[in-house]
Amino acid sequence: DFKALLSDLIPGWYIGLKELGEGGSCTLIIPYAMGFGTIDNGPVPAKSTLVFDIELKNIFMTLTVNEYIAENNLETEELEKGVHIAVQEPGSDNKPSPESIITVNYTGKLTNELIFDQGENVTFLLGDLIEGWRIGLSEIGEGGTCTLVLPSEVGYGSSGTGGIPPNSALVFEIELVEVN
């Protein structure tokens, strides 16, 4: 089983899979210009025509913030700018400010559960992070844990980034290990 964002696939898959419904199957024959082009990609030589037999088992649609909260039965508090927080452990009184250097364990995922980032004992300047983290993490202290559900406006907005499509709501599971 392989999970991917449609927008992260080679152009031939993107074009072909849009024509296929959930549970459908097909053979895609992709000319090199819609595949890997004029560059070698691992064992695939440049200018290769590609052939894929595909069975589309599931289509995982992303949800809005409110749909995600309802579907996962989360009890959240709504903060400013639509940021939702579910505090599992409030932590100490040592809460971060935008000038704080924080160390966190975290997992970031889309509302369809596709993980796009994670880290353990990662250190950041809170002020350099997306607005949703700055808003949400001010609510917990050192040692605290929470789930943040963020609208795209306080995440990566209409531009998206890396494995995050434009206008995506985001979900972060965060343990605030240290605040300096």
Side-chain angles (χ1 to χ4, degrees), residues 1-76 82-86 88 104-122 124 128-133 136 145-175:
D1 286 351
F2 171 74
K3 286 185 181 177
L5 293 172
L6 189 56
S7 60
D8 287 344
L9 301 174
I10 59 174
W13 273 58
Y14 181 79
I15 293 166
L17 290 182
K18 288 192 328 184
E19 302 299 320
L20 194 60
E22 190 171 72
S25 61
C26 70
T27 299
L28 289 179
I29 302 170
I30 301 174
Y32 78 88
M34 294 286 114
F36 297 116
T38 57
I39 54 175
D40 292 333
N41 188 355
V44 180
K47 296 188 177 182
S48 291
T49 297
L50 306 172
V51 179
F52 296 95
D53 290 319
I54 299 171
E55 178 184 353
L56 185 57
K57 291 183 176 184
N58 297 78
I59 298 173
F60 298 94
M61 302 299 289
T62 57
L63 305 172
T64 67
V65 168
N66 290 331
E67 289 169 339
Y68 182 83
I69 290 168
E71 188 167 294
N72 289 278
N73 297 313
L74 289 178
E75 291 186 27
T76 65
V83 171
H84 284 258
I85 187 169
Q88 288 84 35
V104 294
N105 297 326
Y106 73 97
T107 299
K109 59 187 177 180
L110 301 175
T111 57
N112 63 6
E113 305 297 333
L114 186 64
I115 294 173
F116 59 81
D117 194 15
Q118 55 191 355
E120 287 192 27
N121 292 313
V122 183
F124 299 108
D128 287 346
L129 299 177
I130 59 175
E131 188 175 15
W133 274 51
T145 58
C146 68
T147 301
L148 295 178
V149 186
L150 311 177
S152 67
E153 296 81 14
V154 294
Y156 294 97
S158 60
S159 60
T161 186
I164 304 170
N167 304 310
S168 293
L170 306 174
V171 180
F172 290 95
E173 304 288 341
I174 303 172
E175 176 187 4

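FYI, side chains are in, hydrogens and waters are out, and symmetry mates aren't considered; it's all heavy atoms of this structure.
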Smallest separation among heavy atoms of [X] and [Y], with atom names:
X      : Y      : result
Gly82  : Pro151 : O-CD, 3.3 Å
Pro166 : Ser159 : CG-O, 4.0 Å
Ala169 : Val65  : CB-CG2, 3.9 Å
Leu28  : Gly16  : CD2-CA, 3.8 Å
Ser48  : Pro45  : OG-O, 2.6 Å
Gly136 : Ile85  : O-CD1, 3.5 Å

Got a second to check how far [X]'s [atom1] is from [Y]'s [atom2], nearest 0.5 Å?
X      : Y      : atom1 : atom2 : result
Leu170 : Trp133 : CG    : CH2   : 11.0 Å
Ser168 : Leu150 : OG    : CG    : 11.5 Å
Phe124 : Ile130 : CZ    : CD1   : 10.0 Å
Tyr106 : Leu129 : OH    : CG    : 9.0 Å
Asn66  : Glu71  : CG    : CD    : 12.5 Å
Asn167 : Ser152 : CG    : OG    : 5.0 Å

Report yes if some heavy atom in the side chain of [X] is under 4.5 Å from a heavy atom in the side chain of [Y]; otherwise report no.
X      : Y      : answer
Ile29  : Thr49  : yes
Gln88  : Glu175 : no
Ile174 : Asn105 : no
Val44  : Leu50  : yes
His84  : Ile69  : yes
Leu110 : Pro165 : yes
Leu114 : Lys109 : no
Leu17  : Ile54  : yes

Exercise for review: For side chain to side chain contact (heavy atoms under 4.5 Å, CB included), just list the numbers for Thr38 and Lys47, CA-CA rounded to whole Å, side-chain angles, deciding distance to a tenth of an Å, and then say yes or no.
Suggested key: CA-CA 5 Å; Thr38 57; Lys47 296 188 177 182; 3.8 Å; yes
query = Considering residues, nucleotides and ligands other than Glu22, do more than 12 of their heavy atoms fall under 6.0 Å from its CD?
reply =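 More than 12 within 6.0 Å, yes.
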> In terms of heavy-atom contacts, does CD of Glu120 have more than 12 from other residues, nucleotides or ligands at under 6.0 Å?
Replying inline: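 No, not enclosed.
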Counting distance only, does the side-chain N/O of [X] pair as donor-acceptor with the main-chain N or O of [Y] below 3.5 Å?
X     : Y     : answer
Asn41 : Phe36 : no
Thr64 : Glu67 : yes
Asn72 : Leu74 : no

Q: Starting from the C-alpha separation in whole Å, work towards a yes-or-no answer on side chain to side chain contact (heavy atoms under 4.5 Å, CB included) for Ile10 and Ile30.
A: CA-CA 10 Å; Ile10 59 174; Ile30 301 174; 4.1 Å; yes
* Phe116 and Tyr156: aromatic ring centres closer than 6.0 Å? -> no
Check: For Thr147 and Glu173, what are the C-alpha separation, side-chain angles and deciding distance, and is it a side-chain hydrogen bond (donor to acceptor under 3.5 Å, both in side chains)?
Finding: CA-CA 5 Å; Thr147 301; Glu173 304 288 341; 2.7 Å; yes
- Task: Kindly determine whether Phe172 and Val104 satisfy side chain to side chain contact (heavy atoms under 4.5 Å, CB included), including the steps that lead there.
- Result: CA-CA 11 Å; Phe172 290 95; Val104 294; over 6 Å; no
**Q.** Between Asn112 and Thr62: side-chain donor-acceptor atoms closer than 3.5 Å
**A.**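 The answer is no; no qualifying pair exists.
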* Asked: Can you list the steps and then say if Ile15 with Met34 is a side chain to side chain contact (heavy atoms under 4.5 Å, CB included)?
  -> CA-CA 9 Å; Ile15 293 166; Met34 294 286 114; 3.7 Å; yes
